[in-house]
There are 2 protein chains.
Amino acid sequence: MNPKRCAACKYLRRRCPKDCIFSPYFPPNDPAKFACIHRIYGAGNVSKMLQQLPDQTRAEAAESLCFEAKCRVDDPVYGCVGIIHLLQTQIEQTQNQLAKTQAEIAVAQTKLSQTHNSDFM
Amino acid sequence: MNPKRCAACKYLRRRCPKDCIFSPYFPPNDPAKFACIHRIYGAGNVSKMLQQLPDQTRAEAAESLCFEAKCRVDDPVYGCVGIIHLLQTQIEQTQNQLAKTQAEIAVAQTKLSQTHNSDFM
């Protein structure tokens with residue numbers, strides 16, 4: 001057994017080949033990372049998805065797949081779509097607050113200009 | 001062949017059983033919906049994820065899985081994590097704009113109260 005097998009090969013109980021598609025993104029010291037992704041997508045699908053991408057984008061793809069898989073494990077009904085809904089609600093609230101503040105400033109500025117004008121009457 | 005096979009069973013070229021796990025969420029008139037989810041998760045994983053959920057949450061889970069799968073097909077590197085980043089940037093921008101507007105209103109109110117005070121001097 002190779003003690004330097006990546007987390008994916010360790011999980012899949014297989015030899016870690018030199019050109020292992022998982023090894024750069026699933027280091028042996030973080031076994032949970034692969035377990036999550038395997039549970040949601042399956043090793044074959046993740047390997048296929050990474051292989052279809054150019055080398056320099058694979059690390060980011062592995063990270064985003066891990067994030068989505070973790071979200072799906074935490075929330076099996078909504079996954080990270082739940083986060084998207086939360087953020088959309090937060091944007092709506094902030095935009096409403098902004099509109100309210102902008103209305104307030106318009107009122108304050110009108111009052112200010114009226115006060116100035118009355119100074120000259 | 002049963003012409004009323006659901007989109008999943010049609011895609012998988014199998015008989016659509018009476019208690020088909022996919023059939024309520026993948027109607028025969030929308031074949032693309034299943035194709036997308038199958039490409040990203042695989043039919044077995046989706047079936048497993050749906051089966052682990054109570055009946056009344058399965059429709060929402062199927063929708064969110066479809067949404068995530070479509071995002072991953074459209075953006076193979078970031079999937080719907082790309083949307084989350086975009087929304088977070090939008091929140092940040094709106095919050096900055098809100099802070100700026102709140103500062104402006106504070107200035108306007110100070111000026112207004114100074115003008116009122118000078119009226120009494």
Side-chain angles (χ1 to χ4, degrees), chain A residues 38-42 44-46 48-50 52-54 56-68 71-72 75-88 90-95 97-112 114-116 118-119, chain B residues 38-42 44-46 48-50 52-54 56-68 71-72 75-88 90-95 97-112 114-116 118-119:
Chain A
H38 182 259
R39 185 167 149 196
I40 300 301
Y41 298 99
N45 284 323
V46 176
K48 220 190 304 164
M49 286 193 262
L50 292 177
Q52 282 165 353
L53 290 171
Q56 69 274 17
T57 61
R58 286 182 189 172
E60 298 265 283
E63 283 313 308
S64 72
L65 284 167
C66 285
F67 180 82
E68 282 184 39
C71 285
R72 181 63 57 179
D75 178 353
V77 178
Y78 295 105
C80 73
V81 176
I83 297 182
I84 291 180
H85 283 165
L86 262 178
L87 291 177
Q88 279 171 335
Q90 206 182 329
I91 287 178
E92 224 169 273
Q93 285 170 343
T94 314
Q95 278 172 342
Q97 213 183 333
L98 181 61
K100 215 180 121 193
T101 313
Q102 278 169 338
E104 276 173 39
I105 205 168
V107 170
Q109 276 167 345
T110 309
K111 272 193 201 162
L112 200 57
Q114 280 169 350
T115 316
H116 277 302
S118 66
D119 286 349
Chain B
H38 181 258
R39 187 168 147 194
I40 301 301
Y41 299 98
N45 283 322
V46 176
K48 221 191 299 165
M49 288 193 262
L50 292 176
Q52 282 165 353
L53 291 171
Q56 70 275 17
T57 61
R58 287 182 188 174
E60 298 266 284
E63 284 313 309
S64 73
L65 285 167
C66 285
F67 181 82
E68 282 185 38
C71 286
R72 181 62 59 179
D75 179 353
V77 178
Y78 296 104
C80 73
V81 177
I83 297 181
I84 291 180
H85 284 165
L86 262 177
L87 291 177
Q88 278 171 334
Q90 206 182 330
I91 288 178
E92 224 170 273
Q93 284 171 345
T94 314
Q95 278 171 341
Q97 213 183 333
L98 181 60
K100 215 179 119 193
T101 312
Q102 279 168 337
E104 278 174 38
I105 206 167
V107 170
Q109 275 166 346
T110 310
K111 273 192 198 162
L112 200 58
Q114 280 169 348
T115 315
H116 277 304
S118 68
D119 287 350

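Numbers restart at 1 for each chain; the letters A, B, ... are given by sequence-line order, proteins then strands. Hydrogens, waters and symmetry mates are skipped; everything else that's a heavy atom, side chains included, is used.
Using a 4.5 Å cut-off between heavy atoms, B:Y41 contacts chain A through both its backbone and its side chain. B:L87 touches chain A through backbone and side chain together, each having a heavy atom under 4.5 Å away. In this structure, chain A has no heavy atom under 4.5 Å from any part of B:R58. A:L65 touches chain B through backbone and side chain together, each having a heavy atom under 4.5 Å away. Both the backbone and the side chain of A:I40 come within contact range of chain B, each with at least one heavy atom under 4.5 Å from a heavy atom of that chain.
A:I83 contributes atom CD1, which lies 12.0 Å from atom CD1 of B:I83 (distance to the nearest 0.5 angstrom). Separating the NZ atom in A:K111 from the NZ atom in B:K111 is a distance of 16.0 Å, to the nearest 0.5 Å. To the nearest 0.5 angstrom, A:E92 atom CD is 11.0 Å from B:I91 atom CD1. Rounded to the nearest 0.5 angstrom, A:T94 OG1 and B:Q93 CD are separated by 12.0 Å. Annotation: the span from A:R39 atom CZ to B:K48 atom NZ amounts to 9.0 Å, rounded to 0.5 Å. With rounding to the nearest 0.5 Å, the separation of CD in B:E104 from CD in A:E104 is 12.5 Å.
Per-residue heavy-atom pair counts under 4.5 Å with chain A were compared for B:P76, B:G79, B:G82, and the maximum is reached by B:P76. No other option in A:I84, A:L50, A:T57, A:V46 has as many heavy-atom pairs under 4.5 Å with chain B as A:I84. Comparing A:E68, A:E60, A:Q95 by heavy-atom pairs within less than 4.5 Å of chain B, the highest count is held by A:E68.
Across B:S64 and A:R72, no two heavy atoms sit closer than the pair OG-NH2, 3.0 Å.
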